[in-house]
A.B. asks: 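Here it is, the structure, as structure tokens.
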Amino acid sequence: MNKKTLIRIVIGLIIITVIGTGIAYFMYKPEKPWMAFFIACCGGVLVFNFIISLFLINKNLKK
């Protein structure tokens, strides 16, 4: 797998995670605001980890 394909996969995972977190947040917000906040924080941490892995892919993989 080359660098460009791997970067596209990670960006796709970031987009899917953000959309899924947003949907889950707005589904749980009216009933359980604390759970909506927890889900949003977990999604944010996951996206942050994907972004860190994106920078590490750029740094460590060659063309």
A.B. asks: Give the minimum heavy-atom separation between F50 and I14, together with the two atoms involved.
C.D. replies: CB-CG1, 3.4 Å
A.B. asks: CG/L46 to CG/L13 distance, rounded to the nearest 0.5 angstrom?
C.D. replies: 8.5 Å
A.B. asks: Starting from M27, can I reach V18 by hopping between I/L/V/M/F/W/Y residues whose side chains sit under 4.5 Å apart?
C.D. replies: yes
A.B. asks: Taking all heavy atoms of V10 and all of S53, pick out the closest pair and write down the distance.
C.D. replies: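 Minimum heavy-atom separation between V10 and S53: CG1-OG, 4.0 Å.
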A.B. asks: Heavy atoms only: give me the nearest A40-Y25 pair and the separation to one decimal.
C.D. replies: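 For A40 and Y25, the tightest heavy-atom pair comes out as CB-CD1, 3.9 Å.
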A.B. asks: Please say which of I51, I52, I57 ends up in a side chain to side chain contact (heavy atoms under 4.5 Å, CB included) with F55.
C.D. replies: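 Checked I51, I52, I57 against F55; only one passes side chain to side chain contact (heavy atoms under 4.5 Å, CB included): I51.
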A.B. asks: Would L6 end up clustered with I15 when hydrophobic side chains under 4.5 Å apart are linked, directly or stepwise?
C.D. replies: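 As far as the 4.5 Å side-chain criterion goes, I15 and L6 are connected within one cluster.
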A.B. asks: Can you hop from I11 to I19 via hydrophobic side chains spaced under 4.5 Å?
C.D. replies: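 Yes; I19 is reachable from I11 via cluster members.
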A.B. asks: What's the separation between atom OG1 in T21 and atom CD1 in I39, rounded to the nearest 0.5 Å?
C.D. replies: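 T21 atom OG1 to I39 atom CD1 measures 8.5 Å (nearest 0.5 Å).
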A.B. asks: Are I9 and L54 grouped together when hydrophobic residues (ILVMFWY) are joined by side-chain heavy atoms under 4.5 angstrom apart?
C.D. replies: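 Both belong to a single hydrophobic cluster.
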A.B. asks: If hydrophobic clusters are built by linking Ile, Leu, Val, Met, Phe, Trp and Tyr wherever their side-chain heavy atoms come under 4.5 Å apart, do I7 and L61 end up in the same one?
C.D. replies: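 Hydrophobic grouping puts I7 with L61.
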